S.K.: 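Sharing a structure, written as structure tokens. Questions coming.
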Amino acid sequence: MIRTHDAGSLRASDAGTTVTLAGWVARRRDHGGVIFVDLRDGSGIVQVVFREGDPAEQAHALRNEFCIKVTGEIGRRPAGNENPELPTGEIEVTAAELTILSEAAALPLPVDDHVDAGDDVRLRYRYLDLRRSGPSRALKLRSRANQIARRVLDERDFYEIETPTLTRSTPEGARDFLVPVRLQPGTWYALPQSPQLFKQLLMVAGMERYYQIARCYRDEDFRADRQPEFTQLDIEMSFVTQDDVIELGEAIVGALWRDLAGYEISTPIPRITWHEAMSRYGSDKPDLRYGVELTDLTEYLRGTEFRVFAGAIDAGGYVGAVVMPGGAGQSRKELDDWQDWAKARGARGLAYVVLDAETGQARGPVAKNLSEAHLAGLADAVGAKPGDAVFFAAAARARDAQELLGAARIEIASRAGLVDQSAWAFCWVVDAPMFEHDDEGGWTAVHHPFTSPNGEWLDRFEEAPDRALAYAYDIVCNGNEIGGGSIRIHRADVQRRVFNTLGISERDASDKFGFLLEAFKYGPPPHGGIALGWDRLCMLLAGADSIREVIAFPKTRGGFDPLTGAPTPITAQQRTEAGIDAKPKATAPQAGTAGVAVPVEPTP
RNA sequence: GGUCCUGUGGAGCAGUUGGAGUGCUCGCCGCCCUGUCAAGGCGGAGGUCGCGGGUUCAAGUCCCGUCAGGACCGCCA
């Protein structure tokens, strides 16, 4: 090694030792006769002093982020000159020798913890951004999270197994990324949206306990917590029940929060059914750091003459409310803003009533439309106090109104300052529905088509697909879904019935994932698993607002990488070689997703 | 595909009612400086106000379009 010690590790007990350090100039304070340089390496910062002689002459020329090597003796700082802000603040290194390993040009972005730059500049010079302590710490934390997960899984006899990233387009929810295949022009690989099918095959293969820190790809639009390539801690186990998988999930998450957040999660983590989550919180990933629960007013308001509510109730729908504590104090403009907020979510508006802080009397546009009796009992019905505001939503489909109220609940908590930023609130959302209506009047799988109905519905989910429940579970932290999984179907007859309900013909099923069904002919074990959204989970542990902070080289929301400039056009030669424009042969394999291959004509 | 916010020397910001590229902090270049630690002092360089069009006697400022970054909706089994 070029260095003998790590800069950040030096302490008063090292005084008198001669050391060689290597790192970067974090800051230079040139007093003419004496020069201080803060030398930073991966371990931290130590102050180097240049007083006289050649090293001091050289040190005048140092600039921020020069890469240097310094040899010198560690000494206690003169009394009164200690810096309690630094772990190494009691000592300094008196330079006897200085080597400039490499110089740094004027910086396009300050490597300074006190200044934050815009995202585009940070990403373009991400290697400089990562020299700063915050971004650096986030990546190092993620590395430790990986190790902790591997440790827990290894202790439980899991095997870490890699699966292909060039694979077959599968009929999962999102758009696939496609890769042209030079060796078979006109055919395409897809990048996996998850290793779902492979890990099930590994169960058939008798691996019994599999995990992988797996890169997944989905060609959908970006969010603060979504990139097109992302990472899952993917796990699958044979011969287990839902409780076994949940226990494992708690062991992993418990270890992560214990070691990386200094927080002991009390287990078992509370479970809430999907339906209860929707009716109480208007979300399938409820943030339990605060209350502000929804109230179902469908029965209470039955018979109302207010058309908006009556219409929903008559259609067999739902009317509900959520209370904003102190919301009556909002200005007219703030209340109008709520209407814009609701419209931005595709709602027609957000009906509200404010309760006078003195008299408790209900006021507001909607109050005129409600009967005396309905108004008189409203505060008690929704648990509101004088000075509160009550927001209403009504819809023919309960879930639409609940989701609007759920979004309002989050907004209320944020605006009213009800969120305890230091709190951790975990829960499992269990008993998710098997199916939901698709746009064409049929059914689609809420989770995926291999998810098993629970014990209660296994033999009769066809009777009421809208009410059938699955062995599917999501783990939620502070309103973020950090993982989800299910017990899979391992019986051919059940799988056939599920396909039937989904309107997937035998031929379709065999075209799309015949290889999995084929495998399931040969004694598949009962199995289930979970996938933890690793970027999101690390983001929470790092206290970051975006998963970009825990990704070494993230992309901007346009899918652009400002550092490499990807994506780029390709050359004509690359295009020809890749076979992008080749016409698939008549004997080409079955199309991946759409069922029938779309003929591709070569472009001139 | 839609809604909203932002874009001003290398970085971060301010810029009022439309009136001179106006200001601040940092960085950069030069000089000075022996105990600083986001060192300090003096001097200096550096600008297509994202881009294009329009309104106007006059646009960083108002309008339209466009590009880029961000937040959200749609989308994401």
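Keep in mind that the numbers below use all heavy atoms, side chains included, and drop hydrogens, waters and symmetry copies. Reminder, nothing fancy here: chain letters follow the sequence lines and each chain counts from 1. What you see is a predicted model; the values in this text were computed from it and never measured.
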S.K.: I'd like to know if the side chain of Lys199(A) and the backbone of Tyr211(A) have a donor-acceptor N/O pair within less than 3.5 Å.
M.R.: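 Pair absent, no side-chain N/O of Lys199(A) close to backbone of Tyr211(A).
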S.K.: For rG19(B) versus rA38(B), give the span between their C1' atoms, rounded off to a whole number of Å.
M.R.: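 Rounded to whole Å, the distance is 39 Å.
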S.K.: Roughly how far apart, to the nearest Å, are rU8(B) and rU61(B) at atom C1'?
M.R.: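 One C1' to the other, the span is 11 Å.
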S.K.: Any N or O donor-acceptor pair linking the side chain of Asp120(A) to the base of rG70(B) at under 3.5 Å?
M.R.: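 For Asp120(A), whose side chain was compared with the base of rG70(B), there is no donor-acceptor pair (under 3.5 Å).
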S.K.: Looking at rG74(B), does its base get a donor-acceptor pair with the side chain of Arg223(A) below 3.5 Å?
M.R.: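 Such a pair exists between side chain and base.
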S.K.: Show your working on ring pair (Phe, Tyr, Trp, His ring centres under 6.0 Å) between Phe499(A) and Phe513(A) and close with a plain yes or no.
M.R.: CA-CA 12 Å; Phe499(A) 283 154; Phe513(A) 23 74; 5.2 Å; yes
S.K.: Report yes if a side-chain nitrogen or oxygen of Arg226(A) is closer than 4.0 Å to either non-bridging phosphate oxygen (OP1 or OP2) of rG74(B); otherwise report no.
M.R.: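 Indeed not, no polar side-chain atom of Arg226(A) lies that close.
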S.K.: Parallel, tilted or perpendicular for Phe391(A) and Trp338(A), by the 30°/60° rule?
M.R.: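 Geometry flag for Trp338(A) against Phe391(A): tilted rings.
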S.K.: Both distances under 3.5 Å, Watson-Crick or G-U wobble: report the partner of rC57(B), or none.
M.R.: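 rG19(B) - that is the nucleotide pairing with rC57(B), both distances being under 3.5 Å.
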S.K.: Tell me what Val49(A) touches on the nucleic acid: a base, only sugar-phosphate, or nothing, going by heavy atoms under 4.0 Å.
M.R.: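 Counting heavy atoms under 4.0 Å across all strands, no contact is made by Val49(A).
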S.K.: Rounding to an integer number of angstrom, what distance separates rG50(B) and rG12(B) when you compare their P atoms?
M.R.: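 Between the two P atoms, the distance is 13 Å.
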S.K.: Hey, does the side-chain of Arg27(A) have a donor or acceptor N/O within less than 3.5 Å of a partner on the base of rU36(B)?
M.R.: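 Side chain to base: no pair present.
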S.K.: Apply ring pair (Phe, Tyr, Trp, His ring centres under 6.0 Å) to residues His60(A) and Phe50(A) and explain how you reach the verdict.
M.R.: CA-CA 9 Å; His60(A) 286 299; Phe50(A) 296 84; 9.3 Å; no
S.K.: Distance check needed: rG74(B) C1' versus Arg345(A) CZ, whole Å only.
M.R.: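 About 12 Å, once rounded to whole Å.
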S.K.: Between rU34(B) and rC26(B), how many Å separate the two P atoms, rounded to a whole number?
M.R.: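 Those two atoms are separated by 22 Å.
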S.K.: Hey, does Glu82(A) reach any base, or is it just sugar-phosphate, or nothing, if we go heavy atoms under 4.0 Å?
M.R.: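 Here Glu82(A) touches the bases of the nucleic acid.
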S.K.: Could you tell me if the side chain of Glu103(A) sits less than 4.5 Å from the side chain of Arg63(A), heavy atoms only?
M.R.: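 Of all side-chain heavy-atom pairs linking Glu103(A) with Arg63(A), none is under 4.5 Å.
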S.K.: Whole-Å distance between rC75(B) P and Asp176(A) CG?
M.R.: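 Interatomic distance, CG of Asp176(A) to P of rC75(B): 18 Å.
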S.K.: Taking pairing as Watson-Crick or G-U wobble with both contacts under 3.5 Å, can you name the mate of rG30(B), or confirm there isn't one?
M.R.: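 Here rG30(B) is engaged in a pair, and the nucleotide opposite it is rC42(B).
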S.K.: Between protein and nucleic acid, restricted to nucleotides 29-34 of chain B and to nitrogen or oxygen atoms under 3.5 Å apart, what atom pairs and distances do you find?
M.R.:
unit_1: rC29(B); atom_1: OP2; unit_2: Arg63(A); atom_2: NE; d: 3.0
unit_1: rC33(B); atom_1: N3; unit_2: Asp30(A); atom_2: O; d: 3.2
unit_1: rC33(B); atom_1: N3; unit_2: Gly32(A); atom_2: N; d: 3.3
unit_1: rU34(B); atom_1: OP2; unit_2: His31(A); atom_2: O; d: 3.4
unit_1: rU34(B); atom_1: OP2; unit_2: Gly33(A); atom_2: N; d: 3.1

S.K.: Could you tell me how far apart Gln227(A) (CD) and rC75(B) (C1') are, to the nearest whole angstrom?
M.R.: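 Between C1' of rC75(B) and CD of Gln227(A): 16 Å.
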S.K.: For the pair Asp221(A) and Arg226(A), find out whether any cationic side-chain nitrogen is under 4.0 Å from an anionic carboxylate oxygen.
M.R.: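 No.
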S.K.: Can you tell whether the side chains of Arg137(A) and Glu549(A) come within less than 4.0 Å, N to carboxylate O?
M.R.: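 Looking at Arg137(A) and Glu549(A), the cut-off is not met.
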S.K.: Nearest to the side chain of Asp38(A), heavy atoms from C-beta on, is which of rG70(B), rG12(B), rC37(B)?
M.R.: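 Nearest to the side-chain atoms of Asp38(A), counting from C-beta on, is rC37(B).
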S.K.: Could you check how far CG of Asp113(A) sits from P of rC37(B), rounded to whole Å?
M.R.: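 Interatomic distance, CG of Asp113(A) to P of rC37(B): 17 Å.
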S.K.: Regarding Arg488(A) and Ser452(A), is there a side-chain donor-to-acceptor distance under 3.5 Å anywhere?
M.R.: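 No donor-acceptor contact under 3.5 Å links the two side chains.
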S.K.: Select base, sugar-phosphate, or nothing to describe what Glu92(A) touches, counting heavy atoms under 4.0 Å on all strands.
M.R.: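 Result for Glu92(A) = base.
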S.K.: Does Arg29(A) place a side-chain N or O at less than 4.0 Å from the phosphate oxygens OP1/OP2 of rU36(B)?
M.R.: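 The answer is no; no side-chain N or O of Arg29(A) sits under 4.0 Å from OP1 or OP2.
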S.K.: Just checking, is any N or O donor in the side chain of Thr163(A) or Gln212(A) under 3.5 Å from an acceptor N or O on the other one?
M.R.: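 There is such a pair (donor and acceptor under 3.5 Å, judged by atom type) between the side chains of Thr163(A) and Gln212(A).
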S.K.: For nucleotides 2-8 of chain B, tabulate all protein N/O to nucleotide N/O atom pairs closer than 3.5 Å, reporting atom names and distance.
M.R.:
none

S.K.: In this structure, how many angstroms lie between the C1' atom of rA71(B) and the CD1 atom of Ile410(A), rounded?
M.R.: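 Ile410(A) atom CD1 is separated from rA71(B) atom C1' by 15 Å.
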S.K.: Of the candidate nucleotides rC75(B), rA68(B), rU36(B), which contains the atom at the shortest distance from the side chain of Asn81(A)?
M.R.: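 Out of rC75(B), rA68(B), rU36(B), the nucleotide with an atom closest to Asn81(A)'s side chain is rU36(B).
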S.K.: What is the distance, rounded to the nearest whole Å, between atom CD of Gln47(A) and atom P of rA39(B)?
M.R.: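 Rounded to the whole Å, the gap is 11 Å.
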S.K.: Is any NZ, NE, NH1 or NH2 atom of the basic residue among Arg397(A) and Glu403(A) found under 4.0 Å from an Asp or Glu carboxylate oxygen of the other?
M.R.: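 Not counted as a salt bridge, because no side-chain N and carboxylate O are separated by less than 4.0 Å.
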S.K.: Send over the distance from Trp341(A) CH2 to rC72(B) C1', rounded to a whole Å.
M.R.: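 Taking atom C1' of rC72(B) as the reference, CH2 of Trp341(A) is at 11 Å.
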S.K.: Could you work out the separation of rG30(B) and rU17(B) based on their C1' atoms and round it to a whole Å?
M.R.: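 It works out to 43 Å between them.
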S.K.: Considering only the P atoms, how many Å lie between rG53(B) and rA59(B), rounded to the nearest integer?
M.R.: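 The answer is 13 Å between these two P atoms.
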S.K.: Looking across every strand, which nucleic acid part, if any, lies under 4.0 Å from Gly118(A) by heavy atom: base, sugar-phosphate, or nothing?
M.R.: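 Sugar-phosphate, no base atom in range.
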S.K.: Which whole number of Å gives the distance between the C1' atom of rA11(B) and that of rU36(B)?
M.R.: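 24 Å, rounded to whole Å.
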S.K.: Check step by step if side chain to side chain donor-acceptor pair (under 3.5 Å) holds for Asp287(A) and Tyr281(A).
M.R.: CA-CA 8 Å; Asp287(A) 191 338; Tyr281(A) 305 105; over 6 Å; no
S.K.: Check step by step if side chain to side chain contact (heavy atoms under 4.5 Å, CB included) holds for Arg132(A) and Asp116(A).
M.R.: CA-CA 10 Å; Arg132(A) 305 189 301 148; Asp116(A) 213 357; 3.3 Å; yes
S.K.: Hey, which sits more toward the 5' end of RNA chain B by its nearest nucleotide, Lys555(A) or Pro108(A)?
M.R.: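 Nearer the 5' end of the strand: Pro108(A).
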S.K.: Under 3.5 Å for both donor-acceptor distances, Watson-Crick or wobble: does rG12(B) have a partner, and if so which one?
M.R.: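 Pairing partner, where one exists within any strand: rC24(B).
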S.K.: Would you kindly give the CZ-to-P distance between Phe36(A) and rA38(B), to the nearest whole Å?
M.R.: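 Taking CZ of Phe36(A) and P of rA38(B), I get 13 Å after rounding.
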S.K.: For the side chain of Pro110(A), counting heavy atoms from C-beta on, which of rA11(B), rC76(B), rG70(B) is nearest?
M.R.: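 Comparing rA11(B), rC76(B), rG70(B) against the side chain of Pro110(A), the answer is rA11(B).
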S.K.: Students often get this wrong, so: under 4.0 angstrom with heavy atoms, is Arg548(A) touching a base, only sugar-phosphate, or nothing?
M.R.: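 The residue Arg548(A) makes sugar-phosphate contact but no base contact.
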S.K.: Under a 3.5 Å cut-off for both contacts, is rA68(B) paired Watson-Crick or G-U wobble with anything, and if yes, with which nucleotide?
M.R.: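 Looking at the geometry, rA68(B) pairs with rU6(B).
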S.K.: Determine the Euclidean distance between corresponding C1' atoms of rC32(B) and rG70(B); express it in Å to zero decimal places.
M.R.: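 It comes out at 45 Å once rounded to the nearest Å.
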S.K.: Of the listed nucleotides (rG12(B), rC28(B), rG70(B)), which one gets closest to any side-chain atom of Ala117(A)?
M.R.: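 Out of rG12(B), rC28(B), rG70(B), the nucleotide with an atom closest to Ala117(A)'s side chain is rG12(B).
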S.K.: Does any N or O donor sit under 3.5 Å from an N or O acceptor when you compare the side chain of Arg77(A) with the base of rC37(B)?
M.R.: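 Yes.
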S.K.: Under a 3.5 Å cutoff, is there a donor and acceptor pairing between the side chains of Asp466(A) and His437(A)?
M.R.: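 Side-chain D/A pair, Asp466(A) to His437(A): absent.
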